[in-house]
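Counting from 1, the numbers follow the sequence of the chain as shown. Because the structure is a prediction, the values reported are computed rather than measured. Read the numbers this way: they start at 1 and go in the same order the structure lists the ligands and their atoms.
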Amino acid sequence: MATLPTDTRNNGGSLKGIRGPILTFKADPFIVSNEDDCYDHYTDGLIVMQDGRIVDVGDYRDTAPRHPALTEADIDRYGADSLIMPGFVDCHLHYVQSPMIGSYGDTLLNWLNRYTFPTESKFRDKEFADEVARIFFRQLLEQGTTTANVFSTTFAASVDAFFEESERYNTRMITGKVLQDRNLPDSLRDRDTEESVFIAEELLKKWHHRGRQLYAVIPRFAPTSTPLQLRLAGDLYRRYIDQGVYMHTHLDEAESEIAWVKELYPDFDTYTDVYRHFGLVDRMSVFAHCCIVRPEEWDVLHSAGCGVAHCPSSNLFLGDGEFKYWEAKESGRAVHLGIGTDVGGGTNFSVPRQLGEAYKVAMLRGRSLNALRSFYLATRGGAETLRLDHTIGSIAPGYEADIAVLDMEPSEFAAWRLKFADSIFDRLFILMTLGLDNLNKATYVAGKKVFDRHRADTYLYAADL
Ligand code: GUN
Ligand code: ZN
């Protein structure tokens, strides 16, 4: 896994530290049977950072002496009312739906037509896109999310606005132009299929690996692309997959959607087969939802090494299917699994609040999801889903220093309630179940504290720190 601690005596930029209770994951609790092997918990820990990366972590007592150049003034301290964790990873959401989150939903397809498409049509206007991107990033950072796999929309302006704001915070983010050339209003539809993929490639060349930004080829879902667009999207993806470009789309979310795919693509046995036929199912592919999946589809997703984003609050809100994590993680055909808020189908920006909903969705089928597994999915599991688990999602030497500081006493009542809980995972379970909106107090991105609830400038861009 992680590399060894770096000797920081005489190389690199200045050192910074974060001291306090720390929790991080190092192995998959869906696979490893001994839970204690899956995480490290330090009640008084120290993270040492340099040039945006973690160089060391451990008990304060053991770690501090290894870094004599790290002075007390360089260390941010958090007490027993805090928990320092890797920043959360949101594996699927739509920043362009921030202006219509919470719109009345009856069915997925009606909700898309009535609220989503008209809102996304406005992103032709760069100034509007800039404003939404600015608000959106504040929401993510306030909730402790440091990496997200995001849908923009049809227009290049929506992609530029997103990446420009991400660059200001120096966040590691993924987006791309959404490819959609049929079954949408003219105001949103790609009018020229070949040109749409050409624009996507231009954006890819502009943004992929520029700083921490990463590009995804994003056909919205099979019903809103012609077969030609899916084929060209597949060709583009395959040309760049070795450079770490993603493919991101929706799959098997609701019965009505699956029936529509069957109508539009009658020659294919399954929805997954449609994507596979066009070269879209591969090791950098991420599929959102996957609520109603046939066993043969799980086999295909597993064999290709795909990632899946479970989006429980959205699935409940839109009345889609019920995600079955035990199918996704079935031994011998498991997929990489992470959590998505799916804003604006999801009803809030908080990954921990999704965990409370994921528990309830599982319980509908008599399966529970404990806090260890849940917070794994929210951090390291998400990083695996995005194939970034050597870079983000853990607090370990060599990893990028993206960190959330949770408030373990987010309300007077929560503080009182937690007095009756013992272990760290008992306490985390209670917090994810209470579903509070202010669970995060500070967020570090590449070692810089870009969000601090108690600072006069609550949000600061990296260049201002
Ligand atoms: N399927 C295709 N587009 C969308 C979308 O915007 N939201 C959700 N939840 N499902 C989709
Ligand atoms: Zn979505």
Does the separation of the ring centres of Y169 and Y461 fall below 6.0 angstrom?
-> yes
E167 and Q213, any side-chain heavy atoms less than 4.5 Å apart | yes
Ligand 1: which protein N/O atoms lie under 3.5 Å from its N/O atoms?
{"unit_1": "ligand 1", "atom_1": "3 (N)", "unit_2": "R220", "atom_2": "NE", "d": "2.8"}
{"unit_1": "ligand 1", "atom_1": "6 (O)", "unit_2": "Q97", "atom_2": "NE2", "d": "2.8"}
{"unit_1": "ligand 1", "atom_1": "6 (O)", "unit_2": "R220", "atom_2": "NH2", "d": "2.7"}
{"unit_1": "ligand 1", "atom_1": "9 (N)", "unit_2": "E253", "atom_2": "OE2", "d": "2.9"}
{"unit_1": "ligand 1", "atom_1": "9 (N)", "unit_2": "D342", "atom_2": "OD2", "d": "2.9"}
{"unit_1": "ligand 1", "atom_1": "10 (N)", "unit_2": "E253", "atom_2": "OE1", "d": "2.7"}
{"unit_1": "ligand 1", "atom_1": "10 (N)", "unit_2": "E253", "atom_2": "OE2", "d": "3.4"}

Validation row, ring centre Y271 to ring centre Y275 under 6.0 Å = yes
Are any of the side-chain nitrogens in K122 or E127 under 4.0 Å away from the carboxylate oxygens of its partner?
-> no
In plain terms, say whether R134 and E165 are close enough for a salt bridge, that is, a side-chain N and a carboxylate O under 4.0 Å apart.
-> no
Sub-2.8 Å protein N, O or S atoms surrounding the Zn ion (ligand 2) | H92 NE2, H94 NE2, H250 NE2, D342 OD1
Using the six-membered ring wherever Trp is involved, compare the ring planes of H94 and F151 and label them parallel, tilted or perpendicular (cut-offs 30° and 60°).
-> tilted
Paired with F137, the ring-ring contact (aromatic ring centres under 6.0 Å, His included) test is passed by just one of Y459, Y95, F451, F162, namely F162
Contact list for residues 294-303, test salt bridge (charged side-chain N to carboxylate O under 4.0 Å, His left out), sequence neighbours left out | R294-E296
Please list, chain by chain and in numerical order, all residues satisfying ring-ring contact (aromatic ring centres under 6.0 Å, His included) with Y265, sequence neighbours excluded.
-> none
